[in-house]
Number of protein chains: 2
Amino acid sequence: MEDLHLSFTEENYLKSLIHLTVLSLAKIEVGTNELAVNLNVKPATVNDMLKKLKEKKLINYERYGKISLTEIGRLAGMEVLRKHRLWETFLVEKLDFSWDEVHEVAEQLEHIHSRKLIDRLDSLLDFPKFDPHGDPIPNAKGEIEILTRKTLNEIEIGEKCRLVAVKDNSSAFLQYVNKLGLTIGSEIEIASKEIYDELLHLIIDDQTFTVSKKFAENLFVV
Amino acid sequence: MEDLHLSFTEENYLKSLIHLTVLSLAKIEVGTNELAVNLNVKPATVNDMLKKLKEKKLINYERYGKISLTEIGRLAGMEVLRKHRLWETFLVEKLDFSWDEVHEVAEQLEHIHSRKLIDRLDSLLDFPKFDPHGDPIPNAKGEIEILTRKTLNEIEIGEKCRLVAVKDNSSAFLQYVNKLGLTIGSEIEIASKEIYDELLHLIIDDQTFTVSKKFAENLFVV
DNA sequence: TAATAAAGTTAGATAAGCCTAACTTTAAAT
DNA sequence: ATTTAAAGTTAGGCTTATCTAACTTTATTA
Ligand SMILES: [Mn+2]
Ligand SMILES: [Mn+2]
Ligand SMILES: [Mn+2]
Ligand SMILES: [Mn+2]
């Protein structure tokens with residue numbers, strides 16, 4: 001079953017669709033424009049590719065209709081996501097990369113075609129369940145644990161929570177997280193919130209920090 | 001200096017040129033046809049690319065003239081070769097691949113762009129000098145130890161030698177080498193040679209084997 | 001419901017890599 | 001020194017992935 005040869009671009013479309021449907025709870029379809037934004041291309045470009053992906057039976061799609069993954073498409077997309085997250089874990093665990101440096105390289109490595117390579121890598125890393133950003137890693141069967149996670153801005157004043165993952169994977173954001181001394185597992189308490197400009201005052205390790213709503217929306221906590 | 005962005009294809013051209021010039025002792029230039037054969041494309045295709053590579057100052061080339069690498073081209077090509085051989089070493093050393101399985105995957109991995117990645121990989125592997133096929137690995141400065149090596153068919157009857165590298169990297173050939181119980185470092189004695197069909201009779205570990213001239217030409221010995 | 005806005009599609013271009021077929025230049029043989 | 005063969009080049013096409021500009025369909029909102 002796993003011998004359909006997909007181009008880098010096709011794989012990126014499928015991975016995007018995984019993010020926009022499977023991983024975005026309670027939404028199994030997306031539109032052309034949303035996919036275009038996610039892939040950083042123009043809607044006209046997406047439209048061309050939709051025809052090709054439908055032809056290859058990777059997506060369900062009708063003219064002017066919504067887009068969803070077929071089972072084949074879902075498996076192929078999940079494999080790309082699995083590779084991405086395993087490579088990120090490898091870079092951090094084995095090559096001492098920091099978590100803000102791995103995403104760009106993993107964007108390249110996720111397209112290496114070799115089932116054996118990825119399964120051996122999984123084994124070398126001891127079958128990790130989460131990547132360096134706290135995101136779950138799909139297993140070899142394409143199964144993933146989808147957790148309902150709150151973002152920091154949804155937490156009430158006075159409540160304590162623990163950082164389990166980050167939404168934004170850009171190095172700009174992650175370096176900002178580093179600057180606050182935050183890592184996956186950090187305890188965070190909401191000291192107070194500003195109504196006017198929506199700033200949050202946090203207590204981390206007995207120190208006080210002020211962050212924006214935008215920042216807080218990119219932190220997943222429990 | 002290392003911020004010229006090269007495509008996979010351009011990198012493959014430079015790597016080919018490294019093989020055909022730098023690594024092929026006493027020949028610093030090649031022609032369009034020879035390069036085309038090496039890259040498995042048509043001469044017309046090569047011709048188009050030559051114009052582009054010259055434009056980017058990666059090769060020296062004039063219409064109807066021979067092709068050679070510039071210093072920039074040599075360094076870029078050497079880096080691709082370095083990556084190829086380091087990844088092959090990684091696959092064998094860290095992921096338990098056998099030497100006949102690594103070449104195809106390394107053909108993909110050699111195009112991952114990240115200086116940090118490759119230098120960390122080098123360090124993880126303890127700065128190996130040779131890849132699994134006995135080929136020297138260029139260092140981070142693009143320097144490589146070029147050794148003058150004899151092939152098995154050049155050895156005289158009665159002489160003993162040691163396998164140091166293989167010329168052919170195809171899995172078909174390497175599996176054949178495996179079948180004879182040969183590995184890098186194996187002692188080989190030439191028992192005799194047939195004049196008529198150029199077969200060689202070898203003694204390896206007190207056992208006798210018969211191989212063709214074609215086979216013997218692909219084994220480097222000292 | 002009719003007007004307007006948003007979403008989606010099509011047509012026509014472009015650039016990278018590749019091809020075949022025909023042509024030109026250089027090298028090798030007679 | 002011609003002739004022929006080999007090597008190299010050009011012209012014109014194809015495919016993939018992208019774009020812009022114009023158009024059509026669906027959704028929203030007055
Ligand atoms: Mn990532
Ligand atoms: Mn990608
Ligand atoms: Mn190889
Ligand atoms: Mn290659």
Side-chain angles (χ1 to χ4, degrees), chain A residues 4-17 20-21 24 27-69 73 76-77 80 107-108 110-113, chain B residues 4-17 20-21 24 27-69 73 76-77 80 107-108 110-113:
Chain A
L4 62 171
H5 184 61
L6 302 177
S7 69
F8 278 33
T9 306
E10 290 168 328
E11 289 190 339
N12 283 336
Y13 273 76
L14 296 179
K15 189 181 58 157
S16 258
L17 285 169
L20 297 174
T21 62
S24 120
K27 180 152 69 77
I28 52 161
E29 297 181 316
V30 276
T32 308
N33 283 355
E34 192 181 351
L35 188 51
V37 169
N38 195 264
L39 285 161
N40 213 16
V41 294
K42 295 289 175 285
T45 307
V46 168
N47 192 267
D48 282 344
M49 183 59 85
L50 293 181
K51 289 167 190 159
K52 209 208 296 186
L53 294 177
K54 182 194 161 81
E55 186 59 38
K56 291 192 174 188
K57 299 194 190 307
L58 296 163
I59 61 169
N60 304 117
Y61 164 70
E62 296 302 334
R63 210 153 152 273
Y64 290 106
K66 291 291 174 185
I67 308 147
S68 66
L69 287 163
V80 180
E107 284 291 307
Q108 300 176 60
E110 74 191 12
H111 303 292
I112 302 294
H113 294 290
Chain B
L4 61 169
H5 183 64
L6 303 176
S7 68
F8 277 35
T9 306
E10 290 168 328
E11 290 191 340
N12 283 337
Y13 273 76
L14 296 178
K15 190 181 58 157
S16 258
L17 285 168
L20 296 173
T21 62
S24 118
K27 178 152 69 80
I28 52 160
E29 296 181 316
V30 277
T32 307
N33 282 356
E34 192 181 352
L35 188 51
V37 168
N38 195 264
L39 285 161
N40 214 14
V41 295
K42 295 290 176 285
T45 305
V46 168
N47 192 265
D48 283 343
M49 183 60 85
L50 293 181
K51 289 166 190 160
K52 208 206 301 184
L53 294 177
K54 181 194 163 82
E55 186 60 38
K56 292 192 175 187
K57 300 194 189 308
L58 296 163
I59 60 169
N60 303 118
Y61 164 69
E62 297 300 334
R63 212 152 151 274
Y64 291 107
K66 292 291 174 186
I67 308 148
S68 66
L69 286 163
V80 179
E107 284 290 308
Q108 300 177 61
E110 74 192 11
H111 303 293
I112 301 294
H113 294 289

Determine the minimum heavy-atom distance between B:Leu69 and B:Asn60, stating which atoms define it.
-> O-OD1, 3.5 Å
Return the set of residues passing ring-ring contact (aromatic ring centres under 6.0 Å, His included) with B:Phe8 (not counting sequence neighbours), or none when no residue passes.
-> A:Phe8, B:His111
Measure from CD on A:Glu11 to C1' on D:dT16 and round the result to the nearest Å.
-> 15 Å
To the nearest Å, give me how far apart NZ (B:Lys42) and C1' (C:dA21) are.
-> 13 Å
Give the rounded distance in Å between these two atoms: CE of B:Met49 and P of C:dA16.
-> 9 Å
Pair B:Glu110-B:Asn12, side-chain contact (heavy atoms from CB on, under 4.5 Å): steps then yes or no | CA-CA 9 Å; B:Glu110 74 192 11; B:Asn12 283 337; 3.2 Å; yes
Atom-pair distance (CG on B:Asn12; C1' on C:dA16), nearest Å | 14 Å
Atom-to-atom span, CZ of A:Phe8 to P of C:dA16 - whole angstrom | 18 Å
Identify the two heavy atoms, one from A:His113 and one from A:Leu6, that lie closest to each other, and give their separation to 0.1 Å.
-> NE2-O, 3.4 Å
Expressed in angstrom and rounded to an integer, what is the separation of A:Leu35 atom CG from D:dT18 atom P?
-> 11 Å
Which donor-acceptor pairs under 3.5 Å do side chains of residues 29-42 of chain B form with protein atoms, sequence neighbours excluded?
{"from": "B:Glu34", "atom 1": "OE2", "to": "B:Lys27", "atom 2": "NZ", "distance (Å)": "3.1"}
{"from": "B:Asn38", "atom 1": "OD1", "to": "B:Ser16", "atom 2": "OG", "distance (Å)": "2.4"}

Check step by step if side-chain contact (heavy atoms from CB on, under 4.5 Å) holds for A:Val80 and A:Tyr13.
-> CA-CA 10 Å; A:Val80 180; A:Tyr13 273 76; over 6 Å; no
With sugar-phosphate taken as primed atoms, P, OP1 and OP2 and all else as base, the protein-contact string of nucleotides 7-13 of chain C at under 4.0 Å (heavy atoms; B, S, -) is SSBB---
